[in-house]
Structures are given as structure tokens and as C-alpha cells.
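In each ligand, atom 1 is the first atom listed, and ligand 1 is the first ligand listed.
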Amino acid sequence: MEGSKPGILYLLKLGELTLKGGNKANFEMILKRNLQDMLRGNGAHIQATYGRYYIRTPAGGEARVEDVLRRLIGISGWAKARITEKTIEAICAACVDEGKVFIEEGIGSFKINARRTDKSFPLDSYNIACRAGDAVTEAIPELRVDVRHPQGAIAVEIREKAYIYGFGHKGLGGLPVKTAGRGLLLLSGGIDSPVAGYMMASRGMKIDAVYFHAYPYTSEEARQKAVRLAETVGRFSMGIRLYTVGYTAVQMRIKEAAPKAWATVLLRMAMMEGADSIAKLRRSKCLITGESLSQVASQTVENITCTQSRLEIPVLRPLIGMHKEAIIRKAEEIGTYETSILPYQDCCVLFSPPHPILRGDPVEANRLYESLELEKLIETAIGESVIEKCGFPTPWEGNTQ
Ligand code: ATP
Ligand code: MG
């Protein structure tokens with residue numbers, strides 16, 4: 001840490017990344033690039049050494065840096081170093097401030113790790129730790145000292161100035177976006193699919209998305225909802241390229257020519273086929289859906305077998321074993337829930353039959369599907385799809401002074 005330069009210093013702790021053996025250097029390079037893209041224009045300087053990252057930003061740049069750190073996939077925690085004068089009073093006050101952050105983040109026990117590089121400082125590291133520890137427990141009685149297994153540690157380093165930091169802020173964890181290939185998310189306006197996209201992004205995947213629209217049966221507001229969801233998830237995932245595909249003709253054909261009970265399963269099969277051709281164009285390695293086992297009739301294991309039966313590309317379903325409450329909690333955490341519950345219906349609701357088939361047979365599904373002769377309609381729809389870039393990092397134009 002080069003403490004002599006002016007400005008504000010942030011420290012980042014890498015998460016699971018530290019476990020990645022031979023790939024580690026590559027993962028770290030990608031994380032650094034993501035961080036640079038997200039901070040572009042802010043005047044921040046990023047330095048990476050031995051599994052620690054430092055960001056130095058000009059005064060005034062804190063809000064931007066902290067916003068980025070809350071959205072950066074691949075770090076387990078971050079700290080803003082408090083830089084103070086070398087007096088024990090100033091050091092104790094900074095430790096107390098850090099203790100307050102611990103409480104906000106649900107950390108209940110702590111210890112002080114003191115290091116004295118400047119030996120002219122009158123207290124040795126043991127005494128610094130004692131004084132600072134006492135100051136914290138006195139000011140914040142609910143925070144306990146635990147030197148063996150503390151939930152959080154406050155570091156005090158005495159150099160040309162005193163540096164105090166605590167990693168009180170939890171990071172999102174996961175693996176940096178762009179370390180796991182590209183996937184195509186089937187994004188509806190519902191609660192589940194944005195969460196599914198976020199979860200794959202947090203395993204390192206770069207996400208594109210496709211939204212199937214049935215205008216005028218579904219409204220422009222419903223489409224805007226999908227765009228907003230892509231923007232919200234895109235802010236975590238280094239942007240999302242969203243394909244909007246008009247599927248009205250496909251849906252009408254299914255509605256007119258297929259047995260009613262099969263409508264939803266057949267529509268899902270048509271969506272999968274359309275998505276498959278976009279995935280080929282984009283060299284995506286998988287499709288991603290928000291399906292969760294037995295949540296609705298089209299998500300029984302038999303019907304899922306039908307919907308994927310025409311595909312070679314794998315379909316990843318990160319929510320398959322999750323309960324609805326847990327999915328909702330995640331949606332709230334990432335900020336998609338409020339948008340997802342807006343009342344505009346997506347296409348499937350309007351076309352869903354009152355008594356859908358529960359355990360479709362894939363052979364029958366394919367026989368029906370082929371009799372509809374949807375290829376041309378799907379091809380045209382994909383050819384006319386509209387592409388929007390949602391949530392990509394944008395250069396910072398604010399005042400950093
Ligand atoms: P969601 O909340 O994600 O809409 P859901 O519980 O409503 O999910 P379904 O409507 O059965 O479930 O959809 C299952 C999955 O199919 C969705 O999670 C999504 O991945 C995909 N999907 C559904 N409708 C669309 C659409 N209009 N465009 C793109 N993908 C869709
Ligand atoms: Mg839905």
C-alpha cells in the first residue's frame with residue numbers, strides 16, 4: 001500500500017477466486033478488467049498485488065466506487081481505509097467508526113490486528129490493539145472482542161499515517177463475469193428469470209437475453225418491463241444484450257391449430273427453438289431459464305423433458321430446486337422484484353389453457369409440434385428481432401473533484 005499518495009483508498013478481498021489454482025491469474029486479470037470498465041472515467045487507480053486489490057480514488061469519487069463495489073461479482077468483501085493522524089485518539093475513533101459498519105452488516109464479534117511499521121510510534125502493536133479494542137467495546141457494547149474466532153477484524157497499520165480498515169462490507173462473492181463463457185437467458189417479465197440470469201452471471205457467465213413478445217396481446221409496457229429487468233441484472237453482469245422477438249404469429253398458430261391443453265408446452269418448445277438459433281448466432285454455450293420444479297404445470301419434470309427435447313444445447317435452470325420465497329428474497333436483493341411484480345402480463349398468461357397437460361409425453365409433444373410447421377414463422381421472427389444494450393458500464397461523467 002503506497003500510503004503517501006493523496007486520495008481515498010479502498011481494499012478488496014477476493015472471494016472464491018483464491019481457490020482457483022492454475023486459473024487464478026486469468027481470473028484475477030478478468031476481475032481487474034471488469035472493475036476498470038465499471039470505474040472508467042472516475043479517475044480511480046487500481047492496483048492488484050498478491051490476491052489483494054487496492055483502489056485509490058480522488059476525493060469526491062467515493063459514492064461511485066462504493067456503488068461499483070456493491071455490484072462487482074467476484075469479491076468477498078471490501079473496506080474503505082480510514083486514514084488518520086498518528087495519535088492513539090484518532091486511531092481509536094476510526095476503529096469505533098469501523099465497528100459501527102460491522103454492526104450494520106450483522107458482524108457481532110471482532111479483534112484488532114495492529115501493525116507498527118513506524119517504530120517511533122510510542123505504543124507497540126499489543127498496546128495499540130488493547131487501547132483500540134477497549135475504545136470499540138466501550139462505544140459499541142453489543143460488539144464483543146473474540147481474539148480466536150472473530151467474525152470481523154479491524155486492521156490498524158502505523159506507517160507515515162495510520163490506516164484503519166475492517167472489511168466490514170460484504171461483497172457479492174461468486175466468480176468474475178466473463179470467466180465462464182456466454183449463456184442466453186430466456187427473460188420474461190416474471191420474478192424468476194431475472195434471478196436465474198443473475199445467478200449464472202455470479203458463476204462467471206456473460207449473459208445475453210431473449211424476450212418473446214406477443215404484441216398487441218401483450219403490451220408495450222410488458223416489453224419495457226423486460227428491458228428494465230435486463231438493465232437491472234445487466235448492472236451486475238457487465239451488461240446484457242437483449243433480443244426482443246415478436247412471437248405473435250407463432251402463438252396464434254399454436255392457439256388455432258394445437259389441442260388447448262398443450263398450448264403452453266408447445267409455446268415453450270417454440271421459445272426454446274427460437275432461443276437456440278440466437279444462441280448459435282452468438283456462440284452461447286447454453287440456454288438459461290427461470291424454471292423451478294413443479295412451480296407451474298409447464299415445469300413438471302415430464303413437461304421440462306418435452307420443452308428441451310428438440311435441443312442439443314444444454315438448458316441450465318439455476319432455480320430448479322429453489323423455493324419461491326428464496327427466489328423472491330434474491331429478487332429483492334438484486335432489485336428486480338419491484339419491476340417483476342408490475343401488473344403487465346407477459347404472453348404466456350393470456351394464452352395459458354385452463355386445464356394444461358401435466359405430464360406431457362415427448363413423442364406426442366414432437367408430433368404435435370411438427371404438425372404446426374412453425375419453422376418459417378420462427379425464422380422470420382428471429383430475423384426481425386430488435387437488439388438493445390442494457391446495463392452496460394458507462395463512463396462516469398460526474399464531478400470527481
Ligand atoms: P418467470 O417468473 O421467469 O416468468 P414463471 O414462473 O412465470 O417464470 P413460466 O412463465 O412458466 O414461469 O416461464 C418459465 C421460463 O420460461 C421463464 O423463467 C423464462 O425463462 C421462460 N419464459 C417464459 N416466458 C417468456 C417470454 N415471454 N420470453 C422469454 N422467456 C420466457
Ligand atoms: Mg412467466
Side-chain angles (χ1 to χ4, degrees), residues 183-200 207-215 217-230 232-233 240 242-248 250-251 254 262-279 284 286-304 306-308 311 315-320 322-328 330-332 334 336-353 356-358 360 378 381-382 385-386:
L184 177 64
L185 169 68
L186 282 85
L187 177 67
S188 72
I191 295 168
D192 304 323
S193 44
V195 174
Y198 171 83
M199 287 180 71
M200 295 319 298
I207 307 288
D208 291 330
V210 55
Y211 169 65
F212 294 98
H213 192 35
Y215 190 80
Y217 299 98
T218 56
S219 60
E220 170 59 19
E221 284 92 340
R223 193 188 75 81
Q224 284 302 330
K225 207 171 135 177
V227 173
R228 258 175 73 183
L229 292 169
T232 307
V233 178
I240 286 182
L242 173 67
Y243 288 73
T244 298
V245 180
Y247 249 33
T248 313
V250 172
Q251 292 209 27
I254 293 171
W262 278 89
T264 311
V265 171
L266 292 168
L267 176 59
R268 286 286 178 279
M269 290 170 77
M271 287 184 180
M272 292 287 190
E273 287 239 285
D276 188 34
S277 57
I278 295 175
S284 295
C286 63
L287 304 183
I288 302 161
T289 74
E291 288 161 309
S292 166
L293 191 63
S294 303
Q295 196 190 82
V296 287
S298 59
Q299 296 174 25
T300 60
V301 70
E302 292 84 356
N303 284 348
I304 285 176
C306 292
T307 51
Q308 74 172 36
L311 303 174
V315 182
L316 303 188
R317 303 176 177 87
L319 314 187
I320 197 72
M322 277 174 78
H323 306 310
K324 193 76 189 187
E325 308 84 74
I327 299 171
I328 289 175
K330 198 80 200 164
E332 285 170 339
I334 63 174
T336 53
Y337 185 70
E338 287 295 307
T339 308
S340 291
I341 59 172
L342 291 173
Y344 316 110
Q345 292 180 330
D346 74 48
C347 48
C348 316
V349 181
L350 299 178
F351 285 77
S352 51
I357 191 136
L358 289 178
I378 293 177
I382 299 297
S385 54
V386 175

Quick look: Val210 vs ligand 1, heavy-atom contacts under 4.0 Å, and the answer is backbone
Polar side-chain atom of Asn303 near backbone of Ile357 as donor-acceptor pair, under 3.5 Å | yes
Purely on distance, is any nitrogen or oxygen of Ser188 under 3.5 Å from one on ligand 1?
-> yes
Examine Met271 against ligand 1 and note whether any of their N/O atoms are separated by less than 3.5 Å.
-> no
Per-atom contacts, ligand 1 versus Thr289 - under 4.0 Å to a heavy atom | 20 (O)
Check each heavy atom of Thr264 against ligand 1 and say whether those closer than 4.0 Å belong to the side chain, the backbone, both or neither.
-> neither
Short side-chain donor-acceptor distance under 3.5 Å, Arg317 and Gln308 | yes
Does Ile191 reach ligand 1 with a nitrogen or oxygen that is under 3.5 Å from one of the ligand's nitrogen or oxygen atoms?
-> yes
What atoms of ligand 1 come closer than 4.0 angstrom to any heavy atom of Leu187?
-> 28 (N), 29 (C), 30 (N)
Output yes when a side-chain donor or acceptor of Tyr247 lies under 3.5 Å from a complementary backbone atom of Ala270, and no otherwise.
-> yes
Between Thr300 and Leu358, is there a donor-acceptor pair closer than 3.5 Å when you use the side chain of the first and the backbone of the second?
-> yes
Pro194, any N or O under 3.5 Å of ligand 1 N or O = no
Ser193 side chain to Ser188 side chain, donor-acceptor N/O pair below 3.5 angstrom | yes
Note: Ile334 and Tyr198 closest approach over all heavy atoms is CD1-CB, 3.7 Å
Of all the atoms in ligand 1, which lie at a distance below 4.0 Å from a heavy atom belonging to Gly190?
-> 1 (P), 2 (O), 4 (O)
Are the side chain of Ser292 and the backbone N or O of Met322 linked by a donor-acceptor pair below 3.5 Å?
-> yes
Taking both backbone and side-chain atoms of Phe212, is any N or O found less than 3.5 Å from an N or O belonging to ligand 1?
-> yes
Test side chain to side chain contact (heavy atoms under 4.5 Å, CB included), reference Thr289, set Thr307, Val315, Asp192, output is Val315
Taking only heavy atoms of Gln299, which atoms of ligand 1 are found under 4.0 Å from at least one of them?
-> 6 (O), 9 (P), 11 (O), 12 (O), 13 (O), 14 (C)
Short list, please: which atoms of ligand 1 are under 4.0 Å from a heavy atom of Ser193?
-> 1 (P), 3 (O), 18 (O), 19 (C), 20 (O)
Backbone N/O of Tyr243 and side chain of Ser385: donor-acceptor pair under 3.5 Å | no
Which option out of Lys324, Arg268, Glu291, Arg223 puts a heavy atom nearest to atom 13 (O) of ligand 1?
-> Arg268
